[in-house]
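Here the structure comes first, spelled out in structure tokens, and everything after it is commentary.
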Amino acid sequence: MRTRSHETAQNQGLFGRQRSLHAVLGGGKLADILLWKDKISSGAIVAGFSIIWFLFEVVDFNFVTLLCYTLIALMLILFVWYNAAGLITWSLPNIYEYEIPKHTLTYIHNKLNFSLRTFYDISTGKDLTLFFVTIAGLWIMSAIGNYFTTLNLLYIVFLCLVTLPVMYERYEYEVDYLASKGNQDVKRLFKTLDSKVLNKIPRGPVKEKKYK
């Protein structure tokens, strides 16, 4: 029998989420891949990244060498495909179907600008709690980075991206309940820290500019 707090977490979702996880992830092809709705595409992407990780970390391929080999193989495949299309009933590859849409570049540009503005706002110390939490998070990430190569760390992050969403979707109620309790404990801890430590940090008075 679920408790009332469990039912509340179920209605609100993780971090107050009201929509389904599929909708939060965009509800498109990316959401289908991350939640393994399209198992063929998800499996192919995981296999591809795993092969790349294996070639770099286990076989010790150089990046430039692997890139050149990949481009050579791609050129040979396109050459055979293009020239054999007239002899065999194959459709010619159309590269124009794979252009990067302009709205994707605009989205990336907007996200970068938003990240820079957010970093500046945090660095100014307007919210001391968020400032110290960010510093602590970056320090923890730097400590973790000492034990992993960049490629291994990126591969671990990638595996988390393709496994955690689908695991959360499967055990959504349990995770929401634990996250709700943990969130309350963290807020209580930061409230105590703010009242006993952060509020006691002296700050100089804000001087108003004098205009002649």
Side-chain angles (χ1 to χ4, degrees), residues 14 19-120 134 137-171 175:
L14 189 61
R19 299 182 298 168
S20 66
L21 184 59
H22 189 270
V24 171
L25 293 175
K29 186 68 175 179
L30 178 61
D32 292 338
I33 292 175
L34 293 178
L35 296 177
W36 289 77
K37 305 292 184 183
D38 186 352
K39 292 183 173 59
I40 296 177
S41 297
S42 300
I45 292 175
V46 171
F49 274 89
S50 299
I51 291 173
I52 293 174
W53 172 83
F54 178 82
L55 291 175
F56 279 117
E57 287 295 323
V58 180
V59 184
D60 288 332
F61 255 111
N62 182 275
F63 174 75
V64 176
T65 303
L66 180 61
L67 178 63
C68 292
Y69 284 167
T70 303
L71 292 176
I72 290 172
L74 183 60
M75 289 180 66
L76 291 175
I77 291 173
L78 290 175
F79 176 80
V80 173
W81 190 350
Y82 185 84
N83 289 276
L87 303 176
I88 309 174
T89 56
W90 286 353
S91 59
L92 292 174
N94 187 4
I95 191 61
Y96 301 104
E97 295 179 355
Y98 301 97
E99 289 183 342
I100 300 176
K102 292 182 179 180
H103 63 80
T104 301
L105 299 177
T106 304
Y107 174 80
I108 296 175
H109 178 265
N110 293 335
K111 284 296 182 181
L112 287 175
N113 287 333
F114 175 77
S115 300
L116 290 175
R117 288 192 295 266
T118 303
F119 179 80
Y120 174 79
T134 305
L138 292 174
W139 181 82
I140 292 173
M141 290 178 61
S142 67
I144 294 175
N146 290 329
Y147 299 96
F148 297 94
T149 64
T150 303
L151 182 61
N152 278 335
L153 191 59
L154 291 176
Y155 185 63
I156 292 173
V157 171
F158 166 74
L159 290 180
C160 291
L161 287 176
V162 296
T163 54
L164 293 182
V166 67
M167 294 298 294
Y168 169 69
E169 188 181 44
R170 180 172 298 181
Y171 302 104
V175 174

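Values below: all heavy atoms of this structure, side chains included; hydrogens, waters and symmetry mates excluded.
Scanning both residues, Val162 and Trp36, for their nearest heavy atoms gives O-NE1, 2.7 Å. Taking every heavy atom of both residues into account, Trp139 and Ser142 meet most closely at O-OG, 2.6 Å. Of all heavy-atom pairs spanning Pro165 and Cys160, the tightest one is CD-O, 3.5 Å. Closest approach of Leu151 and Phe56 over heavy atoms only: CD2-CB, 3.1 Å.
Here Ser42 contributes atom OG and Leu34 contributes atom CG; the two are 7.5 Å apart, rounded to the nearest 0.5 Å. Distance check, rounded to the nearest 0.5 Å: CG of Asn152 to CH2 of Trp53 gives 6.5 Å. To the nearest 0.5 angstrom, Glu57 atom CD is 12.5 Å from Ile52 atom CD1. One finds the CD1 atom of Ile45 at 6.5 Å from the CZ atom of Phe158 (value rounded to the nearest 0.5 Å). A distance of 7.5 Å separates CD1 in Ile144 from CG in Leu153, rounded to the nearest 0.5 Å. Note that the CE atom of Met75 and the CG atom of Leu71 stand 8.0 Å from one another [nearest 0.5 Å].
For the side chain to side chain contact (heavy atoms under 4.5 Å, CB included) with Leu78, the lone residue among Leu74, Leu76, Val80 that qualifies is Leu74.
The shortest side-chain heavy-atom distance between Ile51 and Leu55 falls under the 4.5 Å cut-off.
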Would you please test Ile108 and Leu112 for side chain to side chain contact (heavy atoms under 4.5 Å, CB included) and show each step? CA-CA 6 Å; Ile108 296 175; Leu112 287 175; 4.2 Å; yes
